[in-house]
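Okay, structure first, notes after.
All residue numbers refer to positions in the sequence shown, counting from 1.
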Amino acid sequence: MSQAKTEFLDRSKTFWNPGKTQDWIDMGVDLVIDRREGYYLFDMDGRRLIDLHLNGGTYNLGHRHPELVEVLKAGTERFDMGNHHFPALARTALAEALQACAPGPHFKYTAYGSGGGEAIDIAIKTARHAAQKKKIVSIVKAYHGHTGLAVKTGDDRFSKLFLSHDTAGEFVQVPFNDLTAMEDALKDRDVAAVIMETIPATYGFPMPQEGYLPSVKSLCEKYDALYIADEVQTGLMRTGEMWGCTKYGVEPDIMVTGKGISGGMYPIACVLISEKCGGWLKEDGFGHISTMGGAELGCVVAMKTLEIVQRPEVRTMVRYISDYLRAGLNDIMAAFPDFFIGIRQHGVIMGLEFNHPQGAKPVMKHLYENGVWAIFSTLDPRVLQFKPGLLLTQADAEEVLRRVAIAIELARAEVMGGRRRMV
């Protein structure tokens with residue numbers, strides 16, 4: 001580590017976030033991102049990494065995609081953030097574009113936040129108003145953000161610290177893929193909505209069992225609850241279709257998209273609202289106010305993002321790269337079956353499972369040392385989040401696989417002892 005980086009990390013601990021900065025250092029990740037381009041990150045010391053974290057899918061199209069850079073630059077010639085109180089050209093145009101590609105014909109309105117957590121808050125408030133009930137059901141080990149209502153739907157790791165955990169019984173959690181528990185939570189008809197991340201990311205991408213998500217939607221209909229789809233990390237073509245919930249045969253009542261919709265260029269998140277759930281927008285359009293939500297420059301970038309991800313060649317590339325990487329990962333898994341024990345995958349949504357309670361952490365460290373950035377799953381550190389970009393090239397995929405093989409061998413030796421060469 002250079003002297004300049006050491007000094008900078010000390011400043012980060014002093015003025016920004018001492019705990020997070022030190023935690024990364026302790027895990028062997030002294031990353032300070034400087035220049036970035038496409039799917040490459042460059043450390044402040046000049047070292048290049050291939051980005052397979054993508055900040056949760058924020059960089060689906062890569063860092064500083066040239067078309068997004070251009071549209072943002074052009075937008076500043078005419079627009080700024082705008083005024084959230086008034087009708088706006090870009091804001092309405094994005095809402096129309098989202099309605100056109102929504103997962104069902106019943107979606108009519110879009111409400112805006114500046115980030116995914118705020119958008120989840122809007123979705124929950126919308127559901128409560130529409131249902132005139134307060135209780136919200138989510139999944140054990142869920143993650144939907146850190147804001148006021150969103151944090152209550154997730155694991156208490158993030159809520160208890162700030163005394164924000166639910167104490168009134170308004171937020172109920174049930175195990176993923178357990179329909180009996182879901183029906184038990186809904187059968188009293190006192191639930192406003194079930195909120196589901198289509199494939200739970202921070203939980204390590206456990207895959208929905210066959211028929212699970214449509215059955216949850218059917219239970220919602222049976223017991224007068226709404227279905228909120230959190231598509232922040234599973235939408236925008238990552239499953240090979242525009243929205244992950246569509247891939248599983250679910251038409252939600254409310255849907256949230258964030259991260260990737262920004263193109264990584266301007267903060268924005270969106271809540272798509274069906275006609276039956278949008279009553280508050282007529283009753284009191286000032287009911288939710290967000291100064292930064294739906295900023296016009298963000299809308300300009302988001303419209304271009306939507307256009308790019310819906311190009312036929314992007315869909316084709318997602319399917320090709322996901323199949324190519326899976327074949328290579330299968331070979332690596334076969335070489336280390338006692339350590340690398342599973343691949344959870346739908347399109348370019350992937351989680352690599354290891355036979356150690358913290359197994360993804362040393363894999364992450366050795367990937368970092370070998371020029372690849374991928375992150376462990378916070379709520380299940382056995383699983384490495386492995387998130388290739390939508391436009392990853394075959395050459396980059398080949399390089400990733402070579403580096404993954406090395407990192408897994410080194411991590412296995414570290415946590416299990418002994419070394420075994422790949423054949």
Is a side-chain donor or acceptor of [X] paired with a backbone partner of [Y] at a separation under 3.5 angstrom?
| X | Y | answer |
| --- | --- | --- |
| Q345 | S322 | yes |
| N370 | L367 | no |
| E70 | P66 | no |
| D253 | Y227 | yes |
| D121 | A150 | yes |
| D43 | L31 | no |
| T316 | P312 | yes |
| R91 | F86 | yes |
| E414 | P362 | no |
| S377 | L379 | no |

When you measure from the centre of the six-membered ring of [Y], is the NZ or CZ of [X] closer than 6.0 Å and no more than 45° off the axis?
| X | Y | answer |
| --- | --- | --- |
| R48 | Y40 | yes |
| R344 | F205 | no |
| K141 | Y203 | no |

Could you point out which residue of C220, C277, C245 forms a side chain to side chain contact (heavy atoms under 4.5 Å, CB included) with P252?
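With P252 as partner, side chain to side chain contact (heavy atoms under 4.5 Å, CB included) holds for just one option, C245.
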
Do Q173 and V137 pass the side-chain contact (heavy atoms from CB on, under 4.5 Å) test, and can you show the C-alpha distance, the side-chain angles, and the key distance before you say yes or no?
CA-CA 6 Å; Q173 294 190 337; V137 174; over 6 Å; no

Does [X] come within less than 4.0 Å of [Y], counting only side-chain N to carboxylate O?
| X | Y | result |
| --- | --- | --- |
| E251 | K217 | no |
| K73 | E67 | no |
| D45 | R47 | no |
| E307 | K304 | yes |

Using ring centroids (six-membered ring only for Trp), state whether [Y] and [X] fall under 6.0 Å.
| X | Y | result |
| --- | --- | --- |
| F158 | Y143 | yes |
| Y248 | Y212 | no |
| W16 | W24 | no |

Does [X], at its [atom1] atom, have more than 12 non-hydrogen atoms belonging to other residues, nucleotides or ligands within less than 6.0 Å?
| X | atom1 | result |
| --- | --- | --- |
| R36 | CZ | yes |
| M292 | CE | no |
| E210 | CD | no |

Are [X] and [Y] side-chain neighbours, meaning at least one heavy-atom pair lies under 4.5 Å?
| X | Y | value |
| --- | --- | --- |
| M350 | K387 | no |
| I228 | M255 | no |
| H63 | Y39 | no |
| L98 | Y109 | no |
| W243 | L236 | yes |
| M27 | K365 | no |
| T234 | K247 | no |
| T153 | I124 | yes |

List the atom of [X], the atom of [Y], and the distance in Å for their closest heavy-atom pair.
| X | Y | value |
| --- | --- | --- |
| L306 | C101 | CD2-SG, 4.3 Å |
| G293 | Y112 | C-CB, 3.6 Å |
| M1 | L9 | SD-CD1, 3.7 Å |
| V383 | G204 | CG1-O, 3.3 Å |
| C270 | T110 | CB-CG2, 4.0 Å |
| T147 | G117 | OG1-O, 2.8 Å |

Report the C-alpha separation of V301 and I268 in whole Å, then their side-chain angles, then the decisive distance to 0.1 Å, and conclude whether the side-chain contact (heavy atoms from CB on, under 4.5 Å) test is met.
CA-CA 9 Å; V301 173; I268 190 168; over 6 Å; no

H366 and E409: side chain to side chain donor-acceptor pair (under 3.5 Å), yes or no, with the steps?
CA-CA 9 Å; H366 287 290; E409 181 176 16; over 6 Å; no

Rounded to the nearest 0.5 Å, how far does [atom2] of [Y] lie from [atom1] of [X]?
| X | Y | atom1 | atom2 | result |
| --- | --- | --- | --- | --- |
| I332 | F339 | CD1 | CZ | 12.5 Å |
| S138 | F176 | OG | CZ | 12.5 Å |
| I261 | M303 | CD1 | CE | 10.5 Å |
| R238 | Q233 | CZ | CD | 8.5 Å |
| L186 | L219 | CG | CG | 6.0 Å |
| D10 | T21 | CG | OG1 | 10.0 Å |

For a side-chain contact (heavy atoms from CB on, under 4.5 Å) check, start with the C-alpha distance between R382 and N355, then their side-chain angles and the critical distance, and finish with the verdict.
CA-CA 7 Å; R382 297 175 305 125; N355 186 26; over 6 Å; no

Please report the C-alpha distance between E241 and R315 in whole Å, then the side-chain angles of each, then the deciding distance to 0.1 Å, and finally whether the salt bridge (Lys or Arg N to Asp or Glu O under 4.0 Å) criterion is met.
CA-CA 7 Å; E241 295 293 341; R315 184 191 305 267; 2.6 Å; yes

Test ring pair (Phe, Tyr, Trp, His ring centres under 6.0 Å) applied to F354 and F336, F386, F340, the passing residue:
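Exactly one pass, corresponding to F340.
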
Trace of the side chain to side chain donor-acceptor pair (under 3.5 Å) decision for K108 with Q99:
CA-CA 6 Å; K108 185 170 183 181; Q99 194 275 337; over 6 Å; no

Walk me through it: do H144 and D230 pass the test side chain to side chain donor-acceptor pair (under 3.5 Å)?
CA-CA 8 Å; H144 298 285; D230 180 343; 2.7 Å; yes

H53 vs W373, test: side chain to side chain donor-acceptor pair (under 3.5 Å). Steps then yes/no.
CA-CA 6 Å; H53 173 212; W373 175 234; 3.3 Å; yes

Is it true that the side chains of H165 and K152 contain a donor and an acceptor less than 3.5 Å apart?
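The criterion, which ignores hydrogens and geometry beyond distance, is not satisfied for K152 and H165.
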
side-chain contact (heavy atoms from CB on, under 4.5 Å), that's the test. Do I139 and E197 meet it? Break it down for me.
CA-CA 9 Å; I139 297 302; E197 195 175 15; over 6 Å; no

